Amino acid sequence: MKVYVSQMIKHKVLLLMFLPGFLLFFLFQYVPMYGLLIAFKDFKILDGIWNSPWAGLDHFRRLFAGDDFARVLRNTIYIALLKVVLVFPAPILLAVLLNEVRHRAFRRWVQTVSYLPYFFSWVILAGILFSLLSLEGGVNQLLAWFGIPRIGWWMSSDYFYGLIVASAIWQGAGWGSIVYFAALSSIDPTLYEAAIADGANRFKRIWHITLPSLMPTIITMFLLYIGHFLSVGFDQIYNLTTSINSNVADILDTYVLRRMLTMDYELGAAAGIFSSLVGLAMVVGSNRLIKKYDKDQGLW
């Protein structure tokens, strides 16, 4: 005990710096978890959460038996899989490609341009997309200039998933690549010099040096990403949803919002817990698979 106290006294300045972040995290992440009790109660606003009668798992049964839930869950899983396969690797690919660019001014310009969309809200980005992809927008005018028929991007649900993936990459790839750029900067340059001396071309250097060096970072980021598997981006999808594509755009987060607007707080809380449990299971399962592949990798 004395050892711990002496260490705390020794590092008191660091602990004081850590304290504000810890308090914010505790207040906004852990304290609200008390509200999860709503999913197990017949919540009465006047009685409060604790004094409301218990309902057991009735709200979860009602959630899974709902007419809309199967469709909402199917849409959510489909979008989540698309984002894992296509959106998650985009920052890695961008970082690796720009790492091979030797013209520093051009590389910095591309980085700056790719970072910009991240700083705009999805309300603004959705407005830009609606304008660009309208029948008279810039994209259709370009297609018409090449003699290609105009496409009603927002007049059919067939294009929705493609638009979701493309806009997610556009918005987040540049910002997400920062972590991988940092990892790339730590690679020993002599490894590349030795590979060049052995006659390895650029592709082989990427495959045998760059990607293996990035693998610990990729694994960590993947485990953090997969924990939000069913949280596929409420802001993005809510702002890109129209009356035409709503059948494929309805996800678990928008389902919870509708329940909250109708004051069905219990069902909304149950859906939120279900999403969190799926994320937890994905993290634990993915971490175990990674540990089997390489016991030195993984979060724990």
Side-chain angles (χ1 to χ4, degrees), residues 11 13-14 17-18 21-22 25 80-120 125 165-229 231-233 236 279-280 282-300:
H11 301 290
V13 176
L14 293 176
M17 292 174 62
F18 166 76
F22 171 77
F25 191 82
L81 290 174
L82 286 175
K83 287 197 170 185
V84 168
V85 174
L86 300 175
V87 178
F88 176 77
I92 305 170
L93 181 62
L94 178 62
V96 171
L97 291 176
L98 287 181
N99 187 59
E100 297 299 316
V101 176
R102 294 294 171 256
H103 197 289
R104 291 189 176 182
F106 176 74
R107 182 170 59 187
R108 289 174 181 173
W109 180 81
V110 173
Q111 286 179 283
T112 302
V113 171
S114 65
Y115 295 163
L116 283 177
Y118 183 82
F119 296 99
F120 294 96
L125 295 178
V165 170
S167 59
I169 294 174
W170 172 48
Q171 190 259 357
W175 184 258
S177 66
I178 293 176
V179 175
Y180 301 106
F181 276 120
L184 287 169
S185 65
S186 65
I187 300 176
D188 188 353
T190 59
L191 294 175
Y192 292 107
E193 293 172 2
I196 293 172
D198 290 337
N201 58 29
R202 183 165 292 186
F203 176 78
K204 288 184 177 179
R205 295 198 298 270
I206 292 173
W207 186 258
H208 294 290
I209 298 175
T210 305
L211 291 180
S213 300
L214 281 178
M215 195 53 64
T217 305
I218 292 173
I219 289 173
T220 301
M221 296 303 294
F222 177 77
L223 290 173
L224 295 174
Y225 185 88
I226 205 69
H228 303 280
F229 182 72
S231 299
V232 293
Q236 176 194 17
L280 176 62
M282 294 292 290
V283 170
V284 173
S286 299
N287 192 73
R288 286 187 177 181
L289 289 175
I290 290 169
K291 296 290 282 187
K292 287 184 178 181
Y293 171 75
D294 186 350
K295 64 180 181 179
D296 294 328
Q297 299 295 338
L299 292 179
W300 65 87

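Sequential numbering from 1 along the given sequence is applied to the chain's residues. These numbers were taken from a predicted model, which means no experiment stands behind them.
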If you count every heavy atom of other residues, nucleotides or ligands that lies below 6.0 Å from R104 atom CZ, does the total exceed 12? no

Count the heavy atoms belonging to other residues, nucleotides or ligands that lie under 6.0 Å from CZ of F106, then report whether that count exceeds 12. no

Would you call [X] and [Y] a side-chain contact if the rule is heavy atoms closer than 4.5 Å?
| X | Y | answer |
| --- | --- | --- |
| F222 | V84 | yes |
| V87 | L82 | no |
| Q171 | Q236 | no |
| S114 | L94 | yes |
| N201 | K204 | yes |

For A200 against R205, the heavy-atom pair lying closest together: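 Answer, listing the atom of A200 first, then R205: O-NH1, 3.0 Å.
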
Can you see which heavy atom on N99 is nearest to which on R107, and at what distance?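 Taking every non-hydrogen atom into account, O-NH1, 4.0 Å.
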
Counting only pairs under 3.5 Å, give me each side-chain donor-acceptor contact of residues 209-219, with atom names and distances, residues two or more places apart or in other chains.
residue: T210; atom: OG1; partner: Y192; partner atom: OH; Å: 2.7
residue: S213; atom: OG; partner: I209; partner atom: O; Å: 2.7

Could you label the plane-to-plane angle of the F203 and W207 rings as parallel, tilted or perpendicular, counting under 30° as parallel and over 60° as perpendicular?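 Ring orientation of F203 relative to W207: parallel.
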
Parallel, tilted or perpendicular, as decided by the 30° and 60° cut-offs, for the rings of F88 and Y225: tilted

Only one of V283, L81, L280 passes side chain to side chain contact (heavy atoms under 4.5 Å, CB included) with F229; say which it is.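 Answer after filtering V283, L81, L280: L81.
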
From CA spacing to verdict: side chain to side chain contact (heavy atoms under 4.5 Å, CB included), Y115, I178: CA-CA 9 Å; Y115 295 163; I178 293 176; 3.6 Å; yes

